[in-house]
Undergrad: 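Dumping the structure here so I can ask a few things about it.
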Amino acid sequence: FVPPEFVDLTNCDREAIHIPGLIQPHGILLTLQEPDLIILQASQNTAEFLGIPAASLINHSLAQFLNPTQLNLLKECLNTENIEIYNPLNISLRISDSTKDFECIIHRHDGVLILEMERALVKDQFSALSFYHLAKAAIMNIKRASNFPEMAELLAQEVRQITGYDRVMIYQFEPDESGIVIAENKREDLEPFLGLHYPASDIPKQARQLYYQNWLRLITDINYQPVPIIPRNNPLTNAPLDLSFSVLRSVSPIHIEYLQNMGVGASLCTSLITDKKLWGLIVCHHYSPRYVNYEIRKVCELLGQVMSLEIVNKQQQEFEKYTEKIKLIQEDLKKILLDNNVNNQIFNEKGNSLLELVNADGAIIYFGDNITLIGKTPIKEDIQKLVNWLQNYNQQEIFHINCLSQVYPPANKIKELASGLLAISIFVDRIYYQIIWLRPEVIQTVNWAGDPNKPVRVEDNGMINLSPRRSFEMWKETVREKCLPWKQIEIDAAAELRNALMFAVLKFYQSALQQAA
Ligand code: BLA
């Protein structure tokens, strides 16, 4: 793993974001050795919160700051297996003559007890309702949705109402780990991000892995000064303290720069996890610093978890609906094939259905030497060359590819219409019967979030600046001359149409033979 100071674009996904050695300054972090609660490490901002410098706390027991009732409460909680269920613990520390109230969030990791304390706030309008009431009302509202897009919209709306953030987005990952904002609820004057597409590198692999394990993170003030933990290493492991499950973990400086470029002041982000996979995120942005207490964060996390289950259900339903639609189209096309003589005008009335069957933008019907074009296709001359190439070099019954230029270089000239293709072929009596579906380059089909005309900033020392713009440039490279991948259901639909075509062709030959005899 690479420490933040050595991160560049080539090793961005290896930045060790779980061991920054730093926390955000809106709370303090202590690591304790059980059972005597000896303080092993402390964040350097303890003086500000407790009036005692971090160095003076180390090797002392936390117990001296707790009255017997509080100490018993903490010990009782530490005796249970799942200590997290007690979070947040309301703890009052006795320091000199005064007491200080904290919301204390505890978990065990790396062999130590990690205790994070945030100032207990006087309840504001957002936290006046209990966890239970907030969550219940939101879930009831979201469940009213009659379809999946509506559900995502209601989720964004509820989360915004509960958190008071300026913008709440539901961000869904694509199979290539790039992502789309599929729902948004925002302050009216803000520019919308709905429908925009972002490259996978904006949320690198290790971050996605961490968000799969830990459902929630908060940045209360983008312009914060990170606070070091001393000593940096966990004395029990002699390695940097693992903050994967910490609530105060300091965020990657690259991501901070990203948010600064977006003009964001605070962010809150909850995972959506389905089928053991990070499906998406609920991303909240505020345009000035914003703190929400642990309870509100937990409501968001719970909504994320409930939604994750609902997403699986709804997606299954949508998938079944889609399968049903394809089936109907398929039946229709099969009937045409079986009721008519095979010729390349056969689908003339059903061009759209033929495209919809596999979600393509263009199609070529090549029966014998006749070509019929449907939808968006290159000019005939380019098509003839493509068909020749297919017949000479690619005689598979079903062939699909999402980067045609990799195997057929002249495709780079027609990438706007044919970056990828799906083809079914039948070869009978020296005659080809082919249907070839085409898809355009993905870059033409997505609504990406970047201005391609803006130059990439280059630093004085020649290093390329790490910015969202630059990551977009990188993403464009990864999708160059590629179409969206063909889904299995689409390939299967094509295969089934090939069976029907085969049947129709054979029937045609059989009757011709019978007539001849
Ligand atoms: C993290 N990047 C993130 C997160 C989001 C995004 C949502 C999760 C953390 C959070 O905000 O709380 C990206 N934010 C977006 C996107 C939208 C948005 C796409 O609002 C769309 C509207 N980021 C880069 C590049 C690198 C990078 C080039 O653009 C690396 C070279 C890194 N992003 C990066 C890292 C994290 C991150 C390291 C993890 C931050 C952390 O948790 O420490």
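Note that the structure is predicted; figures quoted are calculated from it, not measured. Counting convention: from 1, in listed order, for ligands and their atoms alike.
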Undergrad: Please confirm whether the backbone N or O of V112 pairs with a side-chain atom of D110, one donor and one acceptor, at under 3.5 Å?
TA: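 Judged by distance alone, no pair lies under 3.5 Å.
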Undergrad: What pairs meet the ring-ring contact (aromatic ring centres under 6.0 Å, His included) rule with one or both residues in residues 220-245, with sequence neighbours excluded?
TA: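 Sorted result for residues 220-245: H109-F245.
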Undergrad: Holding to salt bridge (charged side-chain N to carboxylate O under 4.0 Å, His left out), I want the full list of residues that pass it with R297, two or more places apart in sequence or in another chain.
TA: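 Result, salt bridge (charged side-chain N to carboxylate O under 4.0 Å, His left out) vs R297: E118.
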Undergrad: As an exercise, identify every atom of ligand 1 less than 4.0 angstrom from a heavy atom of S267.
TA: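 The list of qualifying atoms is 10 (C), 11 (O), 12 (O).
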Undergrad: Between E15 and ligand 1, does any nitrogen or oxygen pair lie at a separation below 3.5 Å?
TA: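 Checking ligand 1 against E15, no N or O pair falls under 3.5 Å apart.
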Undergrad: Check each atom of ligand 1 against the heavy atoms of V283 and keep those under 4.0 Å away; list them by number with element.
TA: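 So the answer, numbered in order with elements, is 7 (C), 20 (O).
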Undergrad: Ignoring hydrogens and angles, state whether a donor on the side chain of S252 or E15 is under 3.5 Å from an acceptor on the partner side chain.
TA: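 Judged by distance alone, the side chains do pair up.
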Undergrad: Under 3.5 Å between any N/O of H285 and any N/O of ligand 1: does that happen in this structure?
TA: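 The answer is yes, given that H285 and ligand 1 share an N or O pair closer than 3.5 Å.
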Undergrad: Is A207 touching ligand 1 with its side chain, its backbone, both, or neither, if touching means heavy atoms under 4.0 Å apart?
TA: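 Side chain only; the backbone of A207 stays clear of ligand 1.
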Undergrad: Judged by non-hydrogen atoms, does G179 sit under 4.0 Å from ligand 1?
TA: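 The answer is no: ligand 1 sits nowhere under 4.0 Å from a heavy atom of G179.
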Undergrad: Please say whether the positively charged group of R167, taken as NZ for Lys or CZ for Arg, lies over the ring of F193, i.e. under 6.0 angstrom from the six-membered ring centre and within 45 degrees of the axis.
TA: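 Relative to the ring axis of F193, which defines the angle, R167 lies inside both limits.
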Undergrad: Any N or O on D202 sitting closer than 3.5 Å to an N or O of ligand 1?
TA: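 Yes, at least one N or O pair falls under 3.5 Å.
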Undergrad: Under 3.5 Å between some N or O of ligand 1 and some N or O of S252?
TA: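 Among all N and O atoms of S252, at least one is under 3.5 Å from an N or O of ligand 1.
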Undergrad: Nearest heavy atom to atom 13 (C) of ligand 1: which of T270, I203, L243 does it belong to?
TA: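 Nearest heavy atom to atom 13 (C) of ligand 1 lies in I203.
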Undergrad: Indicate, as side chain, backbone, both or neither, the part of P20 found under 4.0 angstrom from ligand 1 when only non-hydrogen atoms are considered.
TA: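 No part of P20 is near ligand 1 at this cut-off.
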Undergrad: For ligand 1, which atoms, with element, lie under 4.0 Å from some heavy atom of M169?
TA: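 Going through ligand 1 atom by atom, the ones under 4.0 Å from M169 are 20 (O), 22 (C).
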Undergrad: If the cut-off is 4.0 Å to any non-hydrogen atom of Y171, which atoms of ligand 1 fall inside it?
TA: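 In order of numbering, the contacting atoms are 19 (C).
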Undergrad: Please confirm whether H26 and Y291 have ring centers closer than 6.0 angstrom.
TA: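 Yes, close enough.
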Undergrad: Going by distance only, is there an N or O of Y211 that falls short of 3.5 Å from an N or O of ligand 1?
TA: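 Yes: some nitrogen or oxygen of Y211 is under 3.5 Å from one in ligand 1.
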Undergrad: Is there a donor-acceptor contact under 3.5 Å linking the side chains of N313 and Q317?
TA: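 The criterion, which ignores hydrogens and geometry beyond distance, is not satisfied for Q317 and N313.
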Undergrad: Could you tell me whether V251 approaches ligand 1 through its side chain, its backbone, both or neither, with non-hydrogen atoms closer than 4.0 Å?
TA: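 Answer for V251: both.
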Undergrad: Which value, rounded to the nearest 0.5 Å, describes the distance between R217 atom CZ and S267 atom OG?
TA: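 Reported value, rounded in 0.5 Å steps: 8.5 Å.
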Undergrad: Nearest 0.5 Å please: distance from the CE atom of M117 over to the CD1 atom of I106.
TA: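 Here the interatomic distance stands at 11.0 Å.
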